[in-house]
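First up is the structure itself, then whatever we jot down about it.
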Amino acid sequence: MSTTSKTQIVETLISILGKERVITDEEVLKESSVDRFRRFEEIHGYFTQPLPVAVVYLRNKNEVAAVLKFANEHNINLVARTGDSATEGGLETAVENSIVADGSEMNKIIKIDPYNMQATCECGTSLQDLEDELREQGYTTGHSPQSKPLAQMGGLVATRSIGQFSTLYGGIEDMVVGLEAVFPTGEITKIKDVPRRAAGPDIRHVIIGNEGALCYITEVTVKIFKYRPENNYLLGYTLNNMKTGFEILREVMAEGYKPSIARLYDVEDGASHFSHFAEDKCVLILMAEGPKPLADATGKAMEKIVAKYVECEKVDPRLIQVWFDNLNWDVSKVAEERTEIMETKNISNTTEISATWDRIYDIYKTCVERIRNEMPDMTLVGGHSSHSYLNGTNMYFVYNYNVVDCNPKQEITKYHLPIKKIIVEETIKAGGSMCHHHGVGKHRTRWIQEEYGSSYYILETLKKAFDPKGIMNKGTIFPGE
Amino acid sequence: MNILTCFKIVSDLDLMSESDWVVEDHFRINTSFVKNMINPYDESALEITLLYKEQAEKLGSAVNLSALTIGSKQLDAYLKTLYALRFDKAVRIENQHDLRFSPDAISTVIANYVKVIKKPEVIILGRQSGVGDNAKTPLLVAEHLGWPCISQAVKIEPASEGLLKVSSMADDGLVIETIRPPCVLSIGNAPNSYLRIPTLKDKVNYGKKEIEVLEIENYLNQAVLEQPSEGHNITGLKPINHKRQGVVIEGSTPAEKAQNLYHNYLQERLKQL
């Protein structure tokens, strides 16, 4: 724990960055002490986490290095932040006198290199800006998480994010070719952009997914792809059973097809999106894209696979397209959600897990049944699979509940954490992973050793090696004291 | 007290992109590709109704709630939700005709239904819907029944001896009136804009009651039903330009930007206040 006073911390930060870039306004500090995980408390004006001592806006890697070095030398907790769209408590300031180090002003697109099919940008580059710029030139990152309008590249890499077209393009870990990151000692490291190398372990993965618990990402190079939406081959179906849906997804993957979208919604989750055409039905969505011959061949082959399952009924793809065009979250949707939560006291939360094909349905079924039976005040319990792989898929559990008979501060302990506990414990028991793409944050750390089993040794050693003083985002990934 | 709340299901037009606005056969815009929702003013009306019931029951007054909509079977899901929220009766008047721009026809159906069942003392409706946007229906219902109507209502509270305290927005502020039913209340921009959400248990326990389905022909003259929508036809579509001009305030520091904002944009305006 730091013995440096708040005043000393602020004065030193000002000496490094200048007064304008060190924010100590109480409202800013309050908002910066939480992320979307605690939005119910926050919307109701409660801030239960220790407030940071300051929010600092960083302009370059040298400033990042200076601030990290200062924090490390004085045992000051530092929370790295870019787009501020985290959902799992990763941006909560868990201890007193933390510094929130915001990289959102490091937002330069450094180079778009169509010949080598890669783009390099600073950590605060908005994914939407990068994508817009690429699309103007006929390219795409292939990365399209629901948070695209809000999220920035540093945070996306730090949380191992994934997008809606992942089954073709992969998660962010498949896209990143090179990185620059600063470690707590102030060491600035650059991993060069090469197609592949066999020169020891792939050290990109020390940085990708570190959630600010090992280092601060300052620059990212990602692959780019040709953007050809005119070739998209979109398919939508209604069906009766999730089990059938998982079988279809498995067959598509096992046969070697690469849809860009492969999504399967259960009746309850689907009702929030598709009630105008799929009442009391599950919904399966597949899309092929890329060069026209490939997209057409993939699309037709997937149609043939689905045709074998008699319970599937094809729907007009325009129904899916219009829905898909409105899927992402932007600032206005976030604002609207706040009003709705405030008025209805109803909140929607999620937990995402993954498992092999032989386990996913049982995990889905057990979790949904347990939550329905064991938790009070539920208004929706369901989910969807949105990212499939050769050996399995993910399940994105969606659960909504009315917060009643408790203080807003108790929402997390009364509802959210007990629900998460059911999902995480059932998943780990069945051999799946408790985190598919939101990161561990601060509220799944209690299961991190179970998640890793004997391989926790490797993870723990990374922390000991790169952040021996434990100043990087205390309580994230690694359990706090 | 018996209250009838009427609501309309509309397409969520915010989900349509500019390219989706295409005039198709019969001069209609196809909105079937987007999700439906309760017309926002009607959603307020339903929530205000439930809030009123809670308050009245706390004071020991019995309140019986009915919900009415006009349309196809697809709307039953909304009526089931209202049952789960403890509406006592859910009624759908089956209709396949295009009455989107026919407030007179819709208000006639509602008024005739009320005349037949002779029950509600209060009818609550949202003031207008995005489709049609005429704000006539509540007023015409009141006219057909010969009841008073309070427009732009935003809050309803129980008062003594079966009276209602109704707050409504007027040009110069909030008007609070205590009135004796029967009356029609047209809900405007109320602070409660979202309808509460029933729990899964309430859906199981209360949401499966039978919906009363009635034929529209019993409440409206066949000749009116077969008329085209009051003679309205689409002649063309033109997007509304929502763009607004903006100015980026220049300055090397926040303080300098604030100074520029004050001197160049605010100072003169503040003087005029």
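Below, chain A is the first sequence line, B the second, and so on; all start at residue 1.
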Tell me, yes or no, whether the heavy-atom count around B/K165 atom NZ, taken from other residues, nucleotides or ligands under 6.0 Å, exceeds 12. no

Test log, rule side chain to side chain contact (heavy atoms under 4.5 Å, CB included), inputs A/M378 and B/T199: CA-CA 5 Å; A/M378 300 308 299; B/T199 62; over 6 Å; no

Is the number of heavy atoms from other residues, nucleotides or ligands within 6.0 Å of NZ (A/K414) greater than 12? yes

Relative to chain B, which segment of A/D280 carries a heavy atom at a distance below 4.5 Å: side chain, backbone, both, or neither? neither

Is it the backbone or the side chain of B/D202 that comes under 4.5 Å from a heavy atom of chain A, or both, or neither? neither

Distance (rounded to the nearest 0.5 Å) between B/K201 NZ and A/D377 CG: 8.0 Å

Please say whether more than 12 non-hydrogen atoms of neighbouring residues, nucleotides or ligands are located less than 6.0 Å from CD in B/Q267. yes

Could you check whether atom CD of B/E54 has more than 12 heavy atoms from other residues, nucleotides or ligands sitting under 6.0 Å from it? yes

B/Q74 and A/H276 have their tightest heavy-atom pair at NE2-O, 3.0 Å

Between B/S11 and chain A, with a heavy-atom cut-off of 4.5 Å, which part of the residue counts as in contact: side chain, backbone, both or neither? neither

Please check if the number of heavy atoms outside A/K333 that lie under 6.0 Å from its NZ is greater than 12. yes

Side chain from CB out, backbone as N, CA, C, O: work out which of these in A/I320 comes under 4.5 Å of a heavy atom of chain B, or both, or neither. neither

For A/R372 against B/L200, the heavy-atom pair lying closest together: CG-CD1, 4.1 Å

If you count every heavy atom of other residues, nucleotides or ligands that lies below 6.0 Å from A/E230 atom CD, does the total exceed 12? yes

Measure the spacing between NZ of B/K35 and CZ of A/F274 and express it to the nearest 0.5 Å. 9.5 Å

If you count every heavy atom of other residues, nucleotides or ligands that lies below 6.0 Å from A/K421 atom NZ, does the total exceed 12? no

Of all heavy-atom pairs between A/N326 and B/D14, which one has the smallest distance, and what is that distance? OD1-O, 4.1 Å

What part of A/E20 is in contact with chain B, defined as an atom under 4.5 angstrom from a non-hydrogen atom: side chain, backbone, both or neither? side chain

For chain A, which of B/S193, B/A77, B/P191 has the most heavy-atom pairs under 4.5 Å? B/S193

Sort A/N402 into side chain, backbone, both or neither according to what part of it lies under 4.5 angstrom from a heavy atom of chain B. side chain

Bottom line for B/P254: the part with an atom under 4.5 Å from chain A's heavy atoms is both

Should the pair A/R318-B/D20 be classified as a salt bridge under the 4.0 Å nitrogen-to-oxygen rule? yes

Does A/E340 use its side chain to pair, donor to acceptor, with the backbone of B/Y194 at less than 3.5 Å? no

Under 4.5 Å to a heavy atom of chain B? For A/S272 that would be backbone

Okay, A/T379 and chain B: the region with an atom under 4.5 Å from a heavy atom over there is both

